[in-house]
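Structure record follows, encoded as structure tokens.
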Number of protein chains: 2
Amino acid sequence: MNGRQSGRPTLEQVAARAGVGRGTVSRVINGSPRVSEQTRTAVARAVAELGYVPNQAARALAGSRTDAIALVIPEAEARLFAEPYFLDLIRGVSAELAEADKQLLLTLVRSEQERQRFEQYLAAQRVDGVLLASVHGDDPLPERIRELGLPVVMNGRRSEAEPVPYVDSDNIGAGRAAVAHLVARGRDRIATVTGPLDMYVARARLGGYRAGLTEAGLPPDEELVSAGDFTEAGGRRAMRLLLDRRPDLDAVFAASDVMAAGALGVLREAGRRVPEDVALVGVDDSPVARLMDPPLTSVRQPIEEMGRTMARMLIQEIQKGSATPEEPRKRVLPTELIVRSSC
Amino acid sequence: MNGRQSGRPTLEQVAARAGVGRGTVSRVINGSPRVSEQTRTAVARAVAELGYVPNQAARALAGSRTDAIALVIPEAEARLFAEPYFLDLIRGVSAELAEADKQLLLTLVRSEQERQRFEQYLAAQRVDGVLLASVHGDDPLPERIRELGLPVVMNGRRSEAEPVPYVDSDNIGAGRAAVAHLVARGRDRIATVTGPLDMYVARARLGGYRAGLTEAGLPPDEELVSAGDFTEAGGRRAMRLLLDRRPDLDAVFAASDVMAAGALGVLREAGRRVPEDVALVGVDDSPVARLMDPPLTSVRQPIEEMGRTMARMLIQEIQKGSATPEEPRKRVLPTELIVRSSC
DNA sequence: GACTAGTGTGGGAGCGCTCCCATCCTTCCG
DNA sequence: CGGAAGGATGGGAGCGCTCCCACACTAGTC
């Protein structure tokens with residue numbers, strides 16, 4: 001508040017006040033060890049007195065790093081997924097970034113046009129790295145970003161053999177755990193409502209379901225498999241189909257809670273009691289599962305932890321400065337069956 | 001990929017290629033009218049050929065604007081609110097910002113420490129303005145930000161007479177609409193489960209409830225009012241209390257869907273049928289409402305539209321450059337009753 | 001036909017940092 | 001006791017833009 005000296009103080013002003021050079025202040029700010037204790041204290045005082053905060057734009061320009069990362073979420077998926085999924089993910093990412101003192105740039109991509117604009121942003125060097133949520137099987141974005149020389153970490157993968165670093169939950173394990181639990185409850189005509197099979201996550205859960213049957217010595221039966229699309233309506237449709245084809249089914253593994261909710265509605269309408277006649281298991285452990293009647297047994301994914309892990313991996317990738325070209329890193333986090341009264 | 005010329009092309013290189021000066025290229029990029037059509041074309045071609053994208057840091061440094069805005073969400077609230085609330089809000093903000101070609105910096109504030117760090121970010125001039133979600137009654141943050149000279153727009157307000165620009169939904173109208181609907185269905189012992197009364201939104205919905213009763217000529221009755229906290233557990237507690245005090249109640253207006261879900265559970269346990277014995281209305285029109293059994297009548301807020309409006313207001317505020325000190329702007333968006341079978 | 005008004009245009013002067021080289025002062029060694 | 005080897009420090013040279021002033025030119029004006 002020094003009269004004419006409007007605007008925020010600069011490095012130079014701090015230097016003047018502390019009676020040292022610009023370089024020295026910069027060193028103190030950035031924690032370089034090559035500064036005497038005495039000088040460090042003097043500078044720290046000047047910083048405090050002036051309320052100095054380094055200008056981010058200048059830093060980015062001179063140092064060519066932004067201390068910001070982008071999280072990209074396709075809008076279509078944001079609507080579709082179990083509601084709190086992305087919020088939990090964001091929460092995890094945000095927490096980890098805050099610890100590393102980095103900024104989170106959130107990008108919801110709505111259209112092809114917006115996707116291209118996003119690539120422009122990247123080229124404008126606004127961020128040091130990119131996190132990608134729910135990438136589809138044929139999405140070239142990860143490769144494009146790498147071409148720009150930016151580190152990427154994805155949430156989920158596009159296929160079994162994903163070349164780009166990713167963090168995923170154990171979707172196969174999820175399917176297996178669900179089936180194993182149903183088998184343990186004495187069910188042996190277990191159907192499944194899958195997600196859209198062009199998504200790896202859906203295929204993985206289906207794969208887990210099949211593995212679970214095999215492990216229990218139950219024969220696979222394609223009539224017991226029906227494809228949904230992660231929406232309630234899709235769940236209803238798939239359930240009706242299943243009931244048509246196999247009225248004798250005694251359990252359903254739905255690849256998401258929302259689809260399970262749809263399935264539950266259809267089962268009710270068909271006069272089946274849950275869990276007495278048909279046992280039901282979902283995936284996500286969303287609030288919906290808790291509030292359903294009966295409360296839904298569901299496989300929980302550690303979403304927030306996935307977010308944290310992604311952020312951690314990305315930061316590491318950024319720091320190593322694309323030097324060591326070591327193995328692309330992959331991480332698969334375990335899921336957990338939350339048992340409630342729907343089975 | 002021109003051999004030695006590593007890194008991204010600069011303004012200067014575009015200028016050289018187009019055979020013009022730096023200033024001219026800058027003018028073309030920024031759409032200044034003072035450029036001949038011919039030059040404009042030549043520059044555009046050079047830009048395209050080189051794949052030039054302006055460096056954001058340099059722009060920010062030279063022009064002292066970042067083309068980014070921050071959206072601040074208190075983490076505590078993020079957990080508490082009806083789940084998709086913030087995602088919808090983000091969606092609206094994001095959409096509007098994308099149109100204006102601005103970046104969204106998302107900040108989840110978890111602790112006092114993080115809040116202070118956030119103020120540092122602001123001081124580092126990373127953003128041109130701030131959007132604040134769910135600010136509490138005694139939160140000094142809006143004023144702090146204004147002191148830094150940054151425009152602010154809030155989602156919701158801290159009190160009836162909020163001095164800072166905000167966008168809110170018509171919470172009073174929400175309460176009134178709910179009560180009016182219940183009255184129209186012949187209910188006259190209408191209880192309410194409120195939110196935490198230190199939040200304006202909770203007080204407003206309660207106020208609407210009371211206004212609705214008055215308008216219907218029903219006497220107010222404090223025994224029919226019980227405070228929840230926007231959680232399911234809080235809804236259950238409040239509902240039990242109400243049932244204790246007034247076993248003869250025939251309708252409940254819960255100030256959120258999640259609390260309504262809690263209330264529904266308690267009502268069931270108490271052997272009341274919904275809607276036959278007790279009619280139920282919630283607020284938010286969240287997915288939970290749709291999936292409940294019976295599906296819940298609920299008052300919808302235009303959350304996404306609130307996000308868009310906030311962003312629009314903020315952008316306007318930024319553009320006018322704190323010149324015209326006109327009235328702080330407030331906007332209250334209408335709510336809508338979505339009737340389902342719970343009443 | 002000299003004079004005023006514009007239009008386009010070029011390029012200098014920063015914006016506030018980081019990087020890095022040169023300098024100075026110690027300290028330690030033979 | 002001279003010289004080598006470091007540690008601490010100052011400050012020049014950018015980073016890639018925007019701003020703005022100066023300088024052509026071109027058209028009009030009396």
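A quick note: this is a predicted structure, and the numbers were derived from the prediction, not measured. So you know, we letter chains A, B, ... as the sequences are listed, proteins then strands, and number each from 1.
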Does the protein touch nucleotides 6-16 of chain C at the base, only the backbone, or not at all? Give it as B, S and - per nucleotide, heavy atoms under 4.0 Å.
-SSBBBBBBBB
Listed partners of A:Glu96 passing salt bridge (charged side-chain N to carboxylate O under 4.0 Å, His left out), at least two apart
A:Arg308, A:Arg312
For B:Ser169, the side-chain contact (heavy atoms from CB on, under 4.5 Å) test, sequence neighbours excluded, returns B:Asn171, B:Gln301, B:Pro302, B:Met306, B:Thr335
If we fit an axis to the first five pairs and another to the last five of the helix from C:dG1-D:dC30 to C:dG30-D:dC1, what angle do they make, to the nearest 10°?
50°
Apply side-chain contact (heavy atoms from CB on, under 4.5 Å) to A:Arg22 and list each qualifying residue two or more places apart in sequence or on a separate chain.
A:Leu11, A:Glu12
Partners of B:Arg27 by side-chain contact (heavy atoms from CB on, under 4.5 Å), sequence neighbours excluded?
B:Thr24, B:Ser32, B:Val35
Measuring to OP1 and OP2 of C:dC17, would you say a side-chain N or O of A:Ser26 lies under 4.0 angstrom away?
no
Which whole-number value in Å describes the distance from B:Gln125 CD to C:dC17 C1'?
12 Å
Separation of B:Asn30 atom CG from D:dC20 atom C1', in whole Å?
14 Å
Contacts of A:Arg331 that satisfy salt bridge (charged side-chain N to carboxylate O under 4.0 Å, His left out) - sequence neighbours left out
none
With sequence neighbours excluded, tell me which residues meet side-chain contact (heavy atoms from CB on, under 4.5 Å) with A:Thr41.
A:Glu37
Listed by chain and number, what are the salt bridge (charged side-chain N to carboxylate O under 4.0 Å, His left out) partners of A:Asp67, not counting sequence neighbours?
A:Arg65, A:Lys102
Any salt bridge linking B:Lys330 with B:Glu162? Criterion: basic side-chain nitrogen under 4.0 Å from a carboxylate oxygen.
no
